[in-house]
There are 2 protein chains.
Amino acid sequence: MKKTRYVILGLLRDGSLTGYEIKKCIEVRMSFFWQESFGQIYPELNALLNDGFVTETADERKDNSRRKKKYAITAEGLSEFNRWMGEKNEKDTIRSESLLKLFLATDANARDIVDQLNEMKKQNEEKLLLFAFYSKQLSEYADLHENHKYIHEVLSLGIRQCELYSSWSDSLLQRLKDGHLR
Amino acid sequence: MKKTRYVILGLLRDGSLTGYEIKKCIEVRMSFFWQESFGQIYPELNALLNDGFVTETADERKDNSRRKKKYAITAEGLSEFNRWMGEKNEKDTIRSESLLKLFLATDANARDIVDQLNEMKKQNEEKLLLFAFYSKQLSEYADLHENHKYIHEVLSLGIRQCELYSSWSDSLLQRLKDGHLR
DNA sequence: TTCTCCATGTAATACGTTACATGATTGT
DNA sequence: ACAATCATGTAACGTATTACATGGAGAA
């Protein structure tokens, strides 16, 4: 089942946002465990409006041209969000082409594997920088996250996962270079 | 882009398999980073046959009734697999409803969060048992994995990831119970 | 002026799961 | 005899990405 609406509702609890802002928010803060595209967000906002879970405030200067629309959550929206919170989750899924390649690799692919591992290490180190930035940003809004104790915990899990991946790939690279992999 | 064919080709390098066996194999050994369903595998096997990347040996007793079909990789299939190995990967994606919920939770959701965390801990501990089983199974076929050095490494990463998630949820639960979460 | 980012939206397409249909084999 | 698992396949459905169309605002 599609979860787009719940992410949107969840984010709107802290104040109204435009569709664009919602997208950015998911991208910057949640990309380590969630993703949504414009093609899902905009239609879903209209569906939510239709269901009475959000209200829309259009920036109505000009006339016809499309302008900024801010969405706010309604009481019904909030209770729908809380209902979802108590529902059973579907299984987590991970799709990692890098791990797939490593898993399937033989000695014939040794050269490619080194490239894969380097790329993996690089990507995780970049993600760590992003996390650090976001983490710092968070602590500047102490009041807001007063109400969101778990964000830090999830973030800290993300960081530790990145560290795991990055150190794992690094150690594998080392052992491959030194030629004593097993 | 769809990757189903490469998983199939990758697995077939160690000997012919039926579609059913391929499915089981992915399920048991790769579920921590990859998944495929019958609805992808069977049509893809026919596509691969059509492209000359695999050959089919049907178990042709009886006549009309559908029977076991073993697939083997061809030289062209092998080179197609090796080509893919050198290609750039698409970004890894994770979809975790549990982390999404935790990320979005406030104090209002405290009760639900405890359930989520317990479920998360349980699932990761179960996965660890599966990993242990598979790991043991692997060491019994030393000859086969001689050629697949990286399987162990990927497995070990999977184990450490599960341990991370399980100990993270456990520690969060502890702190929630003791009431000193920040 | 041109580029980038903000901003909204739709349509086409691709991807993936689930349910269904069918039947053989193996173990209890 | 029955259930579980092995085994193959398709059709329907739902979900998600991508490309496209459109245009404003601010910066270089």
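Every chain is numbered from 1, with letters handed out A, B, ... down the list of sequences. All figures in this text were calculated on a predicted structure; none of them were measured in a lab.
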Residues passing the salt bridge (charged side-chain N to carboxylate O under 4.0 Å, His left out) test with A:E80, sequence neighbours excluded, are A:R83
Looking just at side-chain N and O atoms, do B:S167 and B:D170 make a donor-acceptor pair shorter than 3.5 Å? no
Hits for salt bridge (charged side-chain N to carboxylate O under 4.0 Å, His left out) against A:K127, two or more places apart or cross-chain, chain-then-number order -> none
Per atom distances to the B:P43 side chain, the nearest of D:dG9, D:dT10, C:dT8 is D:dT10
Separation between NE2 (A:H148) and CG (A:L138), nearest 0.5 Å, reads 10.0 Å
Pair B:E97 + A:K3, salt bridge at N-O below 4.0 Å:
yes
### Message
Whether the A:E163 and A:S166 side chains hold a donor-acceptor pair (N or O, under 3.5 Å, no angle test) is what I'd like checked.
### Response
no
Item to complete: Would you mind checking if A:E27 and A:K24 are paired as a salt bridge, meaning a charged N to carboxylate O distance below 4.0 Å?
Response: yes
Between CD of B:E27 and P of D:dA7 the distance, given in whole Å, is 14 Å
Here the distance between atom P of D:dT10 and atom CD of B:E44, to the nearest Å, is 13 Å
note: B:L49, atom CG; D:dG9, atom C1'; distance rounded to Å ~ 15 Å
B:I41 CD1 to C:dG16 P, in whole Å, measures 12 Å
Atom CG of A:N46 and atom C1' of C:dT8 are separated, to the nearest Å, by 10 Å
Between NZ of B:K3 and C1' of D:dA16 the distance, given in whole Å, is 15 Å
From CZ of B:F38 across to C1' of D:dA7 the rounded distance in Å is 8 Å
Parallel, tilted or perpendicular: rings of B:F103 and A:F33 (30°, 60°): tilted
Here the distance between atom P of D:dT15 and atom CD of B:Q35, to the nearest Å, is 17 Å
Sorted by chain and number, sequence neighbours left out, salt bridge (charged side-chain N to carboxylate O under 4.0 Å, His left out) with A:D115 holds for none
* To do: Could you tell me whether the side chains of A:Q123 and A:Y165 share a donor-acceptor contact shorter than 3.5 Å?
  => no
In short, the helix from C:dT1-D:dA28 to C:dT28-D:dA1 is bent end to end, axes from five pairs each side, to 10°, by 30°
| query | How about A:S37 and A:Q40: does a side-chain donor come under 3.5 Å of a side-chain acceptor? | reply | yes
Would you tabulate the nitrogen or oxygen pairs shorter than 3.5 Å linking the protein to nucleotides 13-15 of chain C?
| from | atom 1 | to | atom 2 | distance (Å) |
| --- | --- | --- | --- | --- |
| C:dC15 | OP1 | B:K2 | N | 3.0 |

Nucleotide N/O of nucleotides 3-7 of chain C paired with protein N/O under 3.5 Å:
| from | atom 1 | to | atom 2 | distance (Å) |
| --- | --- | --- | --- | --- |
| C:dC6 | OP2 | A:Y20 | OH | 2.9 |
| C:dA7 | OP1 | A:K68 | NZ | 2.9 |

